[in-house]
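Here the structure is laid out as structure tokens; the discussion comes afterwards.
One-based numbering, in listed order, for ligands and for the atoms of each. Scope of the values below: all heavy atoms of this structure, side chains included, with no hydrogens, waters or symmetry mates.
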Amino acid sequence: MASRLVLAGAAVVLVCAVQAFVLPGAPAPARLRGATEGSSKPSPSLSIAGVAATTAAFGVAAAFAKTRSRPAKTAAKYTTQTILPSLAWIKTGVKASELQPTELRALTLAGNDVLIGKTEAGALFCVGNLCPHIGTPMSEGADVIGDVIVCPLHGSSFQVSDGQLIDWCVSPPVIGPLTGLIVEKKNLLVFECRQGGFLGSGEVEVLVDTNAKKAYEANYWKGLLDAQGKDDGTYY
Ligand code: FES
């Protein structure tokens, strides 16, 4: 777009110059007429051409400056490089005292979908919010029974302390187990959590990888480019 504007402006300048100096029928330049007629008065047509050329030049410069300062529509902010984890304690804005036993609270912390909650005995925990079966948010109706969390969709259950799988896709009968066959069994993600402030009076804090989103995106781009033969092919 910028190059088109520059070309258009240059064309206008060229036309004006040609009209002023070259085209037959156009008045001779003042410098030449002064030599033949002895007059130093500037030609009106030359002045008009000069003004037009100057205006066009200013227009080109302004358009060029405008296009240079405008941000690009598709800024390339992605990478395909391996992004290393960067762990940090992130405040949740939730105090542990606000959570009742078996209550769950879904949050996104630095791109990580987590679920903080309390066991029936009142112990604080934090697990990944997405079920490792097919990614259903546990926050959409999961039950906490003792220190076990049960997925609302197919009843997979996990220990909240370490994410250990207990049962895999047990409901509804027949359909649940069938859906379980198509996905490899996995444990639930767990996150370290703590209560900040004096004697745990502050917000719940969770230890998360603040580079998780960047790493996911880098992997996505790598897969995409590898599929097109444009990266090093190590994704597949
Ligand atoms: S989505 Fe959780 S068990 Fe199927």
Side-chain angles (χ1 to χ4, degrees), residues 78 82-83 85-195 203-224 226-227 235-236:
Y78 61 84
T82 302
I83 306 292
S86 171
L87 295 174
W89 287 100
I90 305 287
K91 286 185 178 5
T92 59
V94 179
K95 287 186 176 176
S97 57
E98 297 170 10
L99 291 169
Q100 300 304 313
T102 75
E103 188 181 341
L104 297 167
R105 203 73 71 87
L107 298 162
T108 301
L109 304 175
N112 298 271
D113 291 318
V114 305
L115 197 57
I116 56 173
K118 279 186 175 174
T119 64
E120 274 188 68
L124 186 68
F125 67 84
C126 182
V127 295
N129 189 23
L130 306 182
C131 177
H133 178 213
I134 54 173
T136 299
M138 298 284 240
S139 53
E140 299 294 318
D143 287 319
V144 177
I145 303 168
D147 56 359
V148 170
I149 188 167
V150 183
C151 176
L153 198 55
H154 305 115
S156 293
S157 52
F158 310 87
Q159 286 281 349
V160 293
S161 54
D162 58 6
Q164 197 67 38
L165 173 67
I166 298 170
D167 273 324
W168 186 249
C169 302
V170 292
S171 63
V174 182
I175 295 172
L178 278 177
T179 63
L181 291 176
I182 58 174
V183 180
E184 190 186 345
K185 291 180 181 177
K186 292 188 204 101
N187 294 332
L188 183 61
L189 269 179
V190 288
F191 295 84
E192 269 189 69
C193 62
R194 69 185 183 189
Q195 298 176 55
E203 297 173 27
V204 176
E205 297 174 0
V206 180
L207 188 64
V208 296
D209 176 12
T210 56
N211 274 350
K213 184 167 178 279
K214 215 187 278 182
Y216 177 85
E217 288 174 352
N219 206 34
Y220 167 82
W221 285 115
K222 176 147 186 51
L224 204 67
D226 264 351
Y235 181 88
Y236 295 100

Interatomic distance, CG@Leu124 vs SG@Cys193, rounded to 0.5 Å, equals 4.0 Å

Within a distance under 2.8 Å of atom 2 (Fe) of ligand 1, the protein atoms of type N, O or S are Cys131 SG, Cys151 SG

- Using a strict 4.0 Å threshold on nitrogen-to-oxygen distance, state whether Lys95 and Glu203 make a salt bridge. no

side-chain contact (heavy atoms from CB on, under 4.5 Å) filter on Val183, not counting sequence neighbours, yields His133, Ile134, Trp168, Lys186

Whether Asp143 side chain and Ile145 backbone form a donor-acceptor pair below 3.5 Å = no

Exercise for review: State, yes or no, whether a side-chain contact exists between Ser86 and Asp209 at a heavy-atom distance under 4.5 Å.
Suggested key: yes

Would you call Arg194 and Glu192 a salt bridge, using N to O less than 4.0 angstrom? no

